[in-house]
Amino acid sequence: MTTVYPVYYETHGVKGAPAVALSMGLGSDLTRWSPDFLADLARDHFVVCIENRDSGRSLQPGDEVVPYDLRDMAADVLAVMDELEQLRFTTVGFSMGGMIAQLVAITAPHRVERMVQICSSGGESPPALCEGVHEQFERTVAPFDSREEMIDFLTESYRHFSHPNPLSREETRASVIERLDSGFSQRGYKRQYEAIRATPDRRVELQQITAPALVIGSEQDNCLPVESSCSAAQLIPNAELVLFANKGHALDAEILETVATWLRRG
């Protein structure tokens, strides 16, 4: 494992309220969390939005960086919570962030109150991917002739993953531009994807998670198949499984409302 290095984070709510650490997916910065969701959650939680290494405003070292995997990214989460003096907290993650949340719960069971994974994996290595997804990821890190070509590709890619309820092309394009301007890096995306694939199988460890867990899956997920969510829920003791129909690989309002409601149930 590599040395923990500083990652960018933002907090919402009052320190002293129950803490929640949020981890985002592959290549995404913390602005992908809905402001409405953050404001709602911050009414009775201390919310910590963590920008994964190699995303957004977190440190993006050069090509000489030592390879890392998701266990190192889980260690980053714990380091942030140490810095904020949060001994106990809930860990929540979307997609790759859900894999990180699993590893936080596995490696620090004495610190994790609860765990939530959204549209994530069943702990297999490498994770199961829907048809064509690996090729999409590989194209994302390949050279583009221009910034406009990259914007066009990413716009269609993100609309594909959010199907059957994609944003309009105009909304998605604006989101892509915002993402590029806030620190998206092909180099960082590539390293994160390599970290996912390099992380050892953790299906046995999922069976040892002691924290109450919520597993959310999408029946139309065309990135990580819904079977992976079902598998995670079967492996994690006493996990609650919630499956959504007619939703893609995306964080929509209904999914986020389900997370907030579950967290408030105590």
Side-chain angles (χ1 to χ4, degrees), residues 1-25 28-60 68 70-118 120 178-179 182-183 192 209-216 236 239-240 251-253 255-266:
M1 296 174 66
T2 66
T3 303
V4 175
Y5 67 80
V7 294
Y8 179 82
Y9 63 87
E10 293 180 356
T11 64
H12 304 263
V14 179
K15 197 172 183 179
V20 179
L22 303 181
S23 298
M24 186 42 77
S28 297
D29 59 81
L30 57 79
T31 64
R32 298 304 99 201
W33 293 108
S34 159
D36 290 341
F37 169 67
L38 296 179
D40 179 35
L41 203 58
R43 287 191 290 112
D44 42 23
H45 292 87
F46 180 54
V47 183
V48 184
C49 295
I50 299 171
E51 212 148 58
N52 297 317
R53 61 168 74 187
D54 274 332
S55 289
R57 287 154 288 190
S58 289
L59 180 65
Q60 296 187 27
Y68 59 87
L70 296 180
R71 295 171 296 181
D72 301 302
M73 300 174 85
D76 293 341
V77 172
L78 292 168
V80 167
M81 302 311 278
D82 284 343
E83 183 175 321
L84 292 169
E85 301 179 320
Q86 300 300 305
L87 179 62
R88 298 275 291 174
F89 60 93
T90 293
T91 180
V92 178
F94 169 69
S95 193
M96 179 185 75
M99 304 174 201
I100 295 171
Q102 290 173 352
L103 284 160
V104 171
I106 288 167
T107 58
H110 58 293
R111 299 188 62 181
V112 175
E113 294 275 4
R114 286 177 289 177
M115 187 202 90
V116 181
Q117 68 170 72
I118 308 164
S120 194
E178 179 185 20
R179 189 172 300 192
S182 65
Q192 287 186 355
I209 289 178
T210 56
L214 173 65
V215 177
I216 294 178
I236 300 171
E240 181 177 344
L251 286 168
D252 78 353
I255 287 176
L256 292 174
E257 182 179 358
T258 298
V259 173
T261 299
W262 188 82
L263 293 179
R264 289 196 175 97
R265 275 178 14 198

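The analysis underlying the following values was restricted to heavy atoms, covering all of them including side chains, and did not include hydrogens, waters or symmetry mates. It should be emphasised that the depicted structure is a prediction, and the values quoted were computed from it without experimental measurement.
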So [Y] and [X], do their side chains get closer than 4.5 Å, heavy atoms only?
X      : Y      : value
Leu41  : Leu256 : no
Val20  : Phe46  : no
Val116 : Leu263 : yes
Val112 : Ile106 : no
Leu84  : Tyr9   : yes
Val48  : Met81  : yes
Glu240 : Arg265 : yes
Ser55  : Gln192 : yes

* Do other residues, nucleotides or ligands put more than 12 heavy atoms under 6.0 Å from Glu257 CD? -> no
What distance do [X] atom [atom1] and [Y] atom [atom2] have between them, rounded to the nearest 0.5 Å?
X      : Y      : atom1 : atom2 : value
Ile209 : Ile236 : CD1   : CD1   : 4.5 Å
Thr258 : Ile118 : OG1   : CD1   : 9.5 Å
Tyr68  : Arg53  : OH    : CZ    : 6.5 Å
Tyr8   : Ser58  : OH    : OG    : 9.0 Å
Arg88  : His110 : CZ    : NE2   : 8.5 Å

* Asked: Run the side chain to side chain contact (heavy atoms under 4.5 Å, CB included) check on His12 and Arg43 step by step: do they pass?
  -> CA-CA 9 Å; His12 304 263; Arg43 287 191 290 112; over 6 Å; no
* To do: Using the side chain to side chain contact (heavy atoms under 4.5 Å, CB included) rule, take Thr107 and Leu78 through it: C-alpha gap first, then chi angles, then the decisive distance, then the call.
  => CA-CA 10 Å; Thr107 58; Leu78 292 168; 4.0 Å; yes
* Can you list the residues that meet the side chain to side chain contact (heavy atoms under 4.5 Å, CB included) rule with Ser182, with sequence neighbours excluded? -> Asp29
Whether the side chain of [X] engages the backbone of [Y] through a donor-acceptor N/O pair (distance < 3.5 Å, no angle test) should be reported.
X      : Y      : value
Glu113 : Ala19  : no
Asp252 : Ile255 : yes
Thr11  : Val47  : no

* **Nearest heavy atoms of Asp44 and Arg264, plus distance in Å** => OD2-NE, 2.8 Å
* Structure fact -> What one should report as the nearest heavy-atom pair of Val7 and Asn52 is CG1-C, 4.5 Å
Pairs of donor and acceptor atoms involving the side chains of residues 94-102, under 3.5 Å and at least two apart or interchain, shall be tabulated with distances.
unit_1: Ser95; atom_1: OG; unit_2: His249; atom_2: NE2; d: 2.9
unit_1: Gln102; atom_1: OE1; unit_2: Arg202; atom_2: NE; d: 2.7
unit_1: Gln102; atom_1: OE1; unit_2: Arg202; atom_2: NH2; d: 3.3
unit_1: Gln102; atom_1: NE2; unit_2: Gln117; atom_2: OE1; d: 2.6
unit_1: Gln102; atom_1: NE2; unit_2: Ser121; atom_2: O; d: 2.9

* **Audit row: Thr91, Arg114, side chain to side chain contact (heavy atoms under 4.5 Å, CB included) steps and yes/no** => CA-CA 6 Å; Thr91 180; Arg114 286 177 289 177; over 6 Å; no
* Audit row: Ser23, Val92, side chain to side chain contact (heavy atoms under 4.5 Å, CB included) steps and yes/no -> CA-CA 6 Å; Ser23 298; Val92 178; over 6 Å; no
* Asked: Any salt bridge between Glu10 and Arg57, counting N to O under 4.0 Å?
  -> yes
* Residues Arg32, Glu51: salt bridge by 4.0 Å N-O rule -> no
* Asked: Within 45 degrees of the axis of the six-membered ring of Phe89 and under 6.0 Å from its centre: does Arg111 put its NZ or CZ there?
  -> no
